[in-house]
Every structure is written in C-alpha cells, then in structure tokens.
2 protein chains.
Amino acid sequence: MALEHVLLGMLRTPASGYDLKAEFAASISHFWAAELSQIYPTLQRLEKRGLLTSKSEPSGRGPRRKVYALTRAGRAELRAWLQQSPKVNVERLEWLAQVWFMDELEDPKRSLAFLGALRSELAFEVAALEKIEQQWRAEDPRYPDQLPDHEFYPQLTLALGLKKGRARVEWADECIARIKTRVRRRQK
Amino acid sequence: MALEHVLLGMLRTPASGYDLKAEFAASISHFWAAELSQIYPTLQRLEKRGLLTSKSEPSGRGPRRKVYALTRAGRAELRAWLQQSPKVNVERLEWLAQVWFMDELEDPKRSLAFLGALRSELAFEVAALEKIEQQWRAEDPRYPDQLPDHEFYPQLTLALGLKKGRARVEWADECIARIKTRVRRRQK
DNA sequence: TGTCACATGTAAGACGTTACATGATTTT
DNA sequence: AAAATCATGTAACGTCTTACATGTGACA
C-alpha cells in the first residue's frame, strides 16, 4: 500500500498520527491526503509488522500522544519502495468528465459558469502552493537549487504542483475564451 | 458515484459493457478508467434503478451482447450531475511521493534513473494523446474550434490532457538537469 | 486443436470516506 | 459554561483491483 510507504517516509522524524495528518495538510496536500480514520489503523498495522515502534508521551495539552518511529526494518522497507520504478496510474477527474459530456445541457451559459467555478478552485490551489513556496524561500536563502537533498527533492514535487496548477488555470481560461467565441459566432 | 454518471454519459449512444470498456481505453483514458468487473455490476445496478434499459442482441461473433440505453430518468440523472458544481479532489500520485522522499537513498544515480524512467512513461502518455488528436484532426476539418458541441467539449478535455502531459515531461527534464548540476557542483 | 478476440459475470480483498464515540485541556 | 483544539480510535459504507469462472465463434 502506498499510504504505508508515505507514512514510513514521514516517520523518519518521529511523530503521532495527529501530527502526520497536520503534515499532510501543510506540505504534501498537492499529491496525497489521508484521514485520521485511515492513518491510525495503518500505523497500528505497521507497528504489528515491526516496521514502527511507538511510545506514549504526555502532550502539553490534551490527552497523551502516541509517537511512532521507524525501526530498522521500517527503514529497509522504505528504501525498498523508493527503489521501485515509477508506476503512473490513471487519475480519475470527475470534473473533467463533466466537461466531456457538457454538450448535453445545450447551454453555453451553464458551461461558462461551470468552467468559471472550476477556474477559481484551481486558482485557489495554485495560491496555496505559492504560499508554501514563499515560506520555503523565506526560511532558507539556498532555495531552490542550493538546498540540501532533504529539502531539494520535496521542492521538485512542489515545482510540479505549481507547474501543473498554473497549466490548469491557463487551460480553464482558454476554455472560457473559446466558448465565448463560439457563442458570439453563433449569434451573428 | 461518478462512474455511474460517466456510464450514463457514454450511454447517450447505446452500447454494451464490453463496448464501454473499449471506449474508456480509446478516448477517455486520460481522465477515467474502469475494469469490466466494475462496469458490469454498475450497469446492472443502473438498470435496477430504472436509469437504463437493456436488450440482448446477437453479436456477429462471440456470445450475445447486452446493449444498454438511457431511459428518460437516466437522462434526467445525467443532466442533474452535469449541473453540479465541480469538486476538485486531491490526486494521489505515488511516484511523486517517491520523489519527495528520494533523499533517503543518498544516491543521485538512482534518482536520475527513477526520473528518467518516469520521463519516458510520461512521454509515452503524451504520445498516446497526440495520436488521438491527430485522428480527430484528420476525421474532421473543423477541428478544434469549429467542431459541433458534441466533439468540442471532449476536445477541451483532450487539450488539458496534452497541456498537463507536456508540462509533466518538461518538469521531469528540468528535474534531471537540476540533479545533474548538483552532482557536478559537488564533485568540484 | 489451440489460441485469440468477443462477451458477461462473481468473489475476495485493498483502499478510502463519512459518521460515530470518547475524553482532556485551553480559550472565550 | 460552551466552544475549540488536541488526541485516538471503531464501524459502516463506497469504490476499485485482482483473481476466478464460463462460454462462443474465428482463424491459424
């Protein structure tokens, strides 16, 4: 399971399930997400398999935290995964399916409304990534190419997120313009 | 369920489950995929709910085909779905997660091998989309902006597939160049 | 006669989401 | 006193993949 490997990777520095959830939201959200209800059982499973160890710690506020750390076997499993060659899967994009069948509505106004809403969602995602980038840049003057490996490889993924996000916003703008042109042409 | 709606959309022209699987592979593969083992039960469910009807037909070769068609209720359901505003979900990209943690291997040669393999997979996908585009262009001189709505909206999705695919290949090339630069710098 | 393409299905398991349950501590 | 945040979990359900089962007709 890929989530297992992602968690192993994140746990190179020990953390609780709750911490991990926060980290998904903070930095990894452009290519992975997981709910607590999936994280907790997965951590338990990894511990049972001997890839993680846990210890209960008092938390400054709230109940005790269960902090997980990689075992030697866990690190070996992580390395083995990193050496697997990339598998590119089909991404299911429901909103693109909606665009595909949009002719059914026979209403360019609806199409424009849909693509407008889509554009704003996509732009919002880009803005979130740009904020993360600004933070990274502010934190370390070596950003991006002089960063140590531990931050350099994450930066590569951020670069893709930004590139892809901007391409999508551009695409939405082009769609809107093309549909408007068609409407005008039909009115003549 | 989104697959249900995608099937309803595809069934505006009647088809069998087997046909639909072929169409996923032929034209929709850049944003959706489904196995026969998922398609058949889903079609049955949609029929039970009154959104589809089926009739058994002899096939030129092989066993009889079960051809499904939209009912009035099915068309209404399709329209209702198309009027829902877009929901953009997190796409889980395992290969990007591998890049994120790649520093663990402490081996730029492995990173380059990984990104090289990735680049070729991504380029292969772009090539497949370009082939589809060439076909469409050859079939209809109105491609892309003078196409009737029924082909115009699908073309919009193809345009995104191409744009995104090319951006990803570009990104992989940049990653490879940046890693090589780092290696050279370290050797000095 | 064997293999390939056509054609439809079931079953088991993996993965992910939503809802529910519980309780501590801090802030308003 | 209520709400928000910290913290861990279970249960039910929905979705997707992989493996298995069955059978027809065409072609080599």
Side-chain angles (χ1 to χ4, degrees), chain A residues 1-8 11 14-26 28-29 31-49 52-68 81 87-94 97, chain B residues 1-8 11 14-26 28-29 31-49 52-68 81 87-94 97:
Chain A
M1 217 221 300
L3 172 63
E4 289 179 355
H5 291 120
V6 172
L7 292 178
L8 290 178
L11 285 171
S16 69
Y18 195 87
D19 294 337
L20 292 166
K21 165 76 178 163
E23 219 183 305
F24 275 115
I28 289 184
S29 62
F31 65 83
W32 208 277
E35 298 302 319
L36 284 171
S37 60
Q38 199 188 1
I39 293 171
Y40 288 129
T42 304
L43 291 173
Q44 288 168 9
R45 204 163 56 235
L46 290 170
E47 188 176 16
K48 261 182 211 154
R49 278 204 256 146
L52 296 178
T53 48
S54 70
K55 51 177 177 179
S56 184
E57 274 183 7
S59 71
R61 59 188 261 174
R64 296 178 69 79
R65 298 153 45 75
K66 210 165 145 187
V67 177
Y68 288 90
W81 171 63
K87 272 165 211 147
V88 180
N89 300 315
V90 178
E91 299 156 42
R92 275 162 248 255
L93 302 176
E94 184 173 358
Chain B
M1 219 222 302
L3 172 62
E4 289 178 354
H5 292 119
V6 172
L7 292 178
L8 290 177
L11 285 172
S16 69
Y18 195 86
D19 294 339
L20 292 166
K21 165 77 178 162
E23 219 185 304
F24 275 114
I28 288 183
S29 62
F31 65 85
W32 208 276
E35 298 302 319
L36 284 171
S37 60
Q38 199 188 1
I39 293 171
Y40 288 129
T42 304
L43 291 173
Q44 288 167 9
R45 204 164 55 234
L46 291 170
E47 188 176 16
K48 260 181 211 154
R49 277 204 257 147
L52 295 178
T53 48
S54 70
K55 52 178 177 180
S56 184
E57 274 184 7
S59 71
R61 59 188 261 173
R64 296 178 69 81
R65 299 153 44 76
K66 209 165 145 187
V67 177
Y68 288 90
W81 171 62
K87 270 164 213 150
V88 180
N89 300 315
V90 178
E91 299 156 40
R92 274 162 249 254
L93 303 176
E94 185 173 358

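What you see below is based on every heavy atom in this structure, not just the backbone, and it leaves out hydrogens, waters and symmetry mates. So you know, we letter chains A, B, ... as the sequences are listed, proteins then strands, and number each from 1. For clarity, every value in this text was computed on a predicted model and none was experimentally measured.
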Minimum-distance pair of heavy atoms, taken over all atoms of A:Val67 and A:Pro14: CG1-CB, 3.8 Å
Does the side chain of B:Glu94 reach to within under 4.5 Å of the side chain of A:Val88, using non-hydrogen atoms? no
Taking salt bridge (Lys or Arg N to Asp or Glu O under 4.0 Å) as the definition, give me every residue that meets it alongside A:Glu4, ordered by chain and number, with sequence neighbours left out. A:Arg45, A:Arg49
Check: A:Glu47 side chain, A:Ser54 main-chain N or O, donor-acceptor pair, under 3.5 Å: yes
Are the side chains of B:Val6 and A:Arg92 in touch, meaning some heavy atoms are under 4.5 Å apart? no
Atom-to-atom span, CD of B:Glu57 to C1' of C:dC6 - whole angstrom: 15 Å
Shoot me the first and last contacting nucleotide of DNA chain D against chain B, ordered 5' to 3', at under 4.0 angstrom to non-hydrogen atoms. D:dT15 to D:dA26
Taking five pairs at each end of the helix from C:dT1-D:dA28 to C:dT28-D:dA1, what angle separates the two helix axes (nearest 10°)? 10°
About how many Å separate CG of A:Leu3 and CG of A:Leu43, when rounded to the nearest 0.5 Å? 8.0 Å
Measure the shortest side-chain to side-chain distance between B:Phe24 and B:Leu7 over non-hydrogen atoms and say whether it is less than 4.5 angstrom. yes
Could you write out each protein N or O paired with an N or O of nucleotides 10-16 of chain C at a distance under 3.5 Å?
residue, atom, partner, partner atom, Å
C:dG16, OP2, A:Gln38, NE2, 2.8
C:dG16, O3', B:Arg92, NH2, 3.1

Integer-rounded Å distance: C:dT17 P and A:Glu35 CD: 6 Å
Minimum heavy-atom separation for A:Pro63 and A:Ser59, please, with both atom names. O-OG, 2.8 Å
Please output the side-chain donor-acceptor pairs of residues 32-40 of chain B that fall under 3.5 Å, not counting sequence neighbours, one pair per line with the distance.
none

Atom pairs, N/O to N/O, protein against nucleotides 21-28 of chain C, distance under 3.5 Å?
residue, atom, partner, partner atom, Å
C:dT25, O4', A:Gly62, N, 3.3

Value for CD1 (B:Ile28) from CG (A:Leu93), rounded to nearest 0.5 Å, stands at 12.5 Å
Side-chain heavy atoms of B:Ser16 within contact of B:Lys66, under 4.5 Å: no
A:Leu11 side chain reached by A:Leu20 side chain, heavy atoms, under 4.5 Å: yes
Taking atom types as modelled and ignoring hydrogens, do the side chains of B:Ser56 and B:Arg64 form a donor-acceptor contact shorter than 3.5 angstrom? yes
